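Since the structure comes first, as structure tokens, the remarks are kept for the end.
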4 protein chains.
Amino acid sequence: MWLDVDPRSSTPIYQQIVDQIKEAVARKVLQPGDKLPSVRELSAMITINPNTIAKAYQQLEREGVLEVLRGRGTFIAERIVHVNREERLRQIRETMEKLLIEAHYLQLTTDDLMELFKEVIRQWKQGKEER
Amino acid sequence: MWLDVDPRSSTPIYQQIVDQIKEAVARKVLQPGDKLPSVRELSAMITINPNTIAKAYQQLEREGVLEVLRGRGTFIAERIVHVNREERLRQIRETMEKLLIEAHYLQLTTDDLMELFKEVIRQWKQGKEER
Amino acid sequence: MWLDVDPRSSTPIYQQIVDQIKEAVARKVLQPGDKLPSVRELSAMITINPNTIAKAYQQLEREGVLEVLRGRGTFIAERIVHVNREERLRQIRETMEKLLIEAHYLQLTTDDLMELFKEVIRQWKQGKEER
Amino acid sequence: MWLDVDPRSSTPIYQQIVDQIKEAVARKVLQPGDKLPSVRELSAMITINPNTIAKAYQQLEREGVLEVLRGRGTFIAERIVHVNREERLRQIRETMEKLLIEAHYLQLTTDDLMELFKEVIRQWKQGKEER
DNA sequence: GTGGTCTAGACCACT
DNA sequence: GTGGTCTAGACCACC
């Protein structure tokens, strides 16, 4: 698995796993119905304690990203369910404001920032086409 | 002071203070040369442990947002210095990617996201004009 | 068979089967003396592991819902026997208390809850009349 | 603390803790703003591993029952926030249907059940008045 | 085989 | 002092 976990990072390991799996789904690297490695397998693959993997999987399940088929394994959920849509939209706006603040300290104009965003989107789309 | 700290939040209190002061500077609510309350004063004003305030001031000083004039007090820095420009640009791009991932789960297109960003920028600019 | 089993659910599959058969009996969809499909048949019909079906049937037999006539098959019991009547009554009361607790967090009054219960009963009765 | 945990029960210990705290809040035994024992304290009081306590507290925080004031402790939340109201209402109705099914096997009529419910409510209210 | 739970004991960030 | 994270290793229910 392409998971790249850094135990030295300040973001918790379980959170890194959560983020990377969500990214893989958004990038279509993981498709609905795909089976994930079992907790023990993944634990062995990336040499992280099984409990930590389990914690990541549980959070992903709570968020509706994964589905657990009892006794059979863990899979990417077939349908996206969005809980707390309003709250999450609010957070997106907040993150965008943070970007504007940070831009000020780098002396970037809002136009610079928009250009940068467009470029990031371009790269993102390209990354998805390539597979 | 208009600092609005929420002890219930999951972001550390010292971080909230850092963020809000940086926001105030970006919004021109605080101007270069403005004097900040002393650690003790601010501690009393918002009833937060002085150690926490001190930690926030230290971080802001490290980031070049504040200047400490020994014996005179703490002031908003006259000039923006950018430490770690490259690293901070990288983080901005990373944050933008996070936005794209989150958008996927809310079933927003990249165009939706761009529109949202433009709107946030519009509001941001308006907020600054009003003073 | 109308059994509708969801492998994603957190309630065990064998338990779902038990619940649905008990519901069918209570709703008179299944009548005393009705023959149930064999473990193998049902296993094939709903593509569930035979062990799981067997486990459900065993539990239903223990509860007195089913009767196994050796060599003839499995049938809905002719008479209701109540095992552990007291214990089961206690559990009903406990479930009702759980409802009161949950209602508190949804800011429903006990009257709201009573009204809701009446409505559920109405629908339940209607469902039975319709066949 | 009046917590009564049974390690032999089939419901997980952390879940028992969650249920009992939610019940205490609903019964007004715990009031908004009340401080809960720290993870370590409660761990010592009921001789349960701190991790298990922490798991219960975290779930309660996710549900909005508790609030964590960083470095200061854990408190009963000041305001009830109800997430997933619709889903939880649906579950209440489902639980009520389960009661109707169970009643069938105990040969209780729907009127019997209503009477029982009224009685449980009466006791519930009385329990609250007494303090 | 799968994931869920629990214990014991350690380290760290925050206040 | 507080809670959050992680490891190591165990047991159990379910399929």
Side-chain angles (χ1 to χ4, degrees), chain A residues 5 7-17 35-43 47-61 66-75, chain B residues 5 7-17 43 47-56 59, chain C residues 5 7-17 43 47-56 59, chain D residues 5 7-17 35-43 47-61 66-75:
Chain A
V5 165
R8 266 167 257 71
S9 164
S10 67
T11 58
I13 296 180
Y14 82 93
Q15 187 65 54
Q16 294 182 47
I17 297 175
K35 187 176 190 311
L36 289 170
S38 79
V39 169
R40 293 169 191 13
E41 274 171 14
L42 186 50
S43 165
T47 53
I48 294 290
N49 186 291
N51 282 331
T52 307
I53 312 282
K55 184 169 183 179
Y57 277 19
Q58 275 168 22
Q59 175 161 337
L60 285 165
E61 199 201 346
L66 301 186
E67 286 170 343
V68 175
L69 301 202
R70 330 213 1 139
R72 297 220 267 126
T74 304
F75 302 81
Chain B
V5 167
R8 287 156 183 70
S9 164
S10 65
T11 57
I13 293 180
Y14 82 93
Q15 187 66 53
Q16 293 182 47
I17 296 174
S43 165
T47 54
I48 293 291
N49 188 308
N51 290 327
T52 307
I53 311 279
K55 184 166 184 180
Q59 176 161 336
Chain C
V5 167
R8 286 157 186 69
S9 164
S10 65
T11 57
I13 295 180
Y14 83 93
Q15 187 66 52
Q16 293 182 47
I17 297 175
S43 165
T47 54
I48 293 291
N49 189 307
N51 290 328
T52 307
I53 311 280
K55 184 167 184 178
Q59 176 161 337
Chain D
V5 165
R8 270 168 252 70
S9 162
S10 66
T11 58
I13 294 179
Y14 81 93
Q15 187 64 55
Q16 294 180 46
I17 297 174
K35 186 174 190 312
L36 288 170
S38 80
V39 169
R40 296 171 189 14
E41 274 170 13
L42 185 50
S43 165
T47 54
I48 294 291
N49 186 292
N51 281 331
T52 306
I53 312 282
K55 185 169 185 180
Y57 276 19
Q58 275 169 23
Q59 176 161 336
L60 284 165
E61 197 201 348
L66 302 186
E67 287 171 341
V68 175
L69 300 202
R70 330 209 8 134
R72 297 221 269 125
T74 304
F75 302 81

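Just so it is clear, the model here is predicted, and its values are computed rather than measured. Here is the naming used below: chain letters follow the sequence lines, and residue numbers restart at 1 for every chain.
The interatomic distance linking D:Gln58 (CD) with F:dG4 (P) rounds to 5 Å, in whole Å. Between the P atom of F:dG1 and the CZ atom of D:Arg70 lies a distance of 19 Å, rounded to the nearest Å. If you measure from atom CD of A:Gln59 to atom P of E:dG3, you get 17 Å, rounded to the nearest angstrom. Atom pair A:Leu42:CG and F:dC6:P shows a separation of 14 Å (rounding to whole Å applied). Regarding D:Tyr57, its OH atom lies at a distance of 16 Å from the P atom of E:dC6, rounded to whole Å. Whole-Å rounding puts the D:Lys35 NZ to F:dG3 P distance at 6 Å. Atoms CZ (A:Arg40) and P (F:dC12) sit 14 Å apart, rounded to a whole Å. In this structure, CG of D:Leu66 is placed 16 Å from P of F:dT2, rounded to the nearest angstrom.
The side chain of A:Lys55 places no N or O atom within less than 4.0 Å of a non-bridging phosphate oxygen (OP1 or OP2) of F:dC6. Within the structure, every side-chain polar atom (N or O) of A:Thr52 is placed at least 4.0 Å from both OP1 and OP2 of F:dC6. Residue C:Tyr14 places at least one side-chain N or O under 4.0 Å from the OP1 or OP2 atom of F:dC14. The side chain of D:Ser10 contributes no N or O atom lying less than 4.0 Å from OP1 or OP2 of F:dA13. Listed pair A:Thr74 / E:dT2 fails the phosphate criterion, with no side-chain N or O lying under 4.0 Å from OP1 or OP2.
Map B:Asn49 and D:Gln15 each onto its nearest nucleotide of DNA chain E; the residue landing nearer the 5' end is D:Gln15. Between C:Pro12 and A:Thr47, the residue anchored nearer the 5' end of DNA chain F, judged by the nucleotide with its closest heavy atom, is A:Thr47. Each of D:Leu69 and A:Ile48 lies near DNA chain F, and the nucleotide nearest D:Leu69 is the one positioned closer to the 5' end.
Side-chain atoms of D:Asn51 stay outside donor-acceptor range of the base of F:dG3, with no qualifying N/O pair under 3.5 Å.
Counting non-hydrogen atoms of neighbouring residues, nucleotides and ligands closer than 6.0 angstrom, the CZ atom of A:Arg70 exceeds 12 such neighbours.
Side-chain atoms of A:Glu61 lie closest to E:dG4 of the nucleotides F:dC15, E:dT15, E:dG4.
Counting only heavy atoms from C-beta outward, the side chains of C:Gln15 and C:Gln59 approach each other to under 4.5 Å. In this structure the side chain of B:Arg8 reaches within 4.5 angstrom of the side chain of D:Leu69, judged on heavy atoms. Side-chain atoms of C:Ile53 and C:Ile17, non-hydrogen and from C-beta on, do get closer than 4.5 Å to each other.
Between A:Tyr57 and A:Leu66 the shortest heavy-atom distance is O-CD1, 4.0 Å. For the pair A:Thr11 and A:Gln16, the tightest heavy-atom approach, listed with the atom from each and the gap, is O-NE2, 2.9 Å. The nearest pair of heavy atoms linking D:Ser43 to D:Asn49 is OG-C, 4.0 Å. The nearest pair of heavy atoms linking C:Tyr14 to C:Ala56 is O-CB, 3.6 Å.
Within the nucleic acid shown, D:Glu41 comes within 4.0 Å of sugar-phosphate atoms alone, with no base atom in reach, counting heavy atoms only.
Stretches of at least 3 consecutive Watson-Crick or G-U wobble pairs, with each checked distance under 3.5 Å, appear in DNA chain E as E:1-14 with F:1-14.
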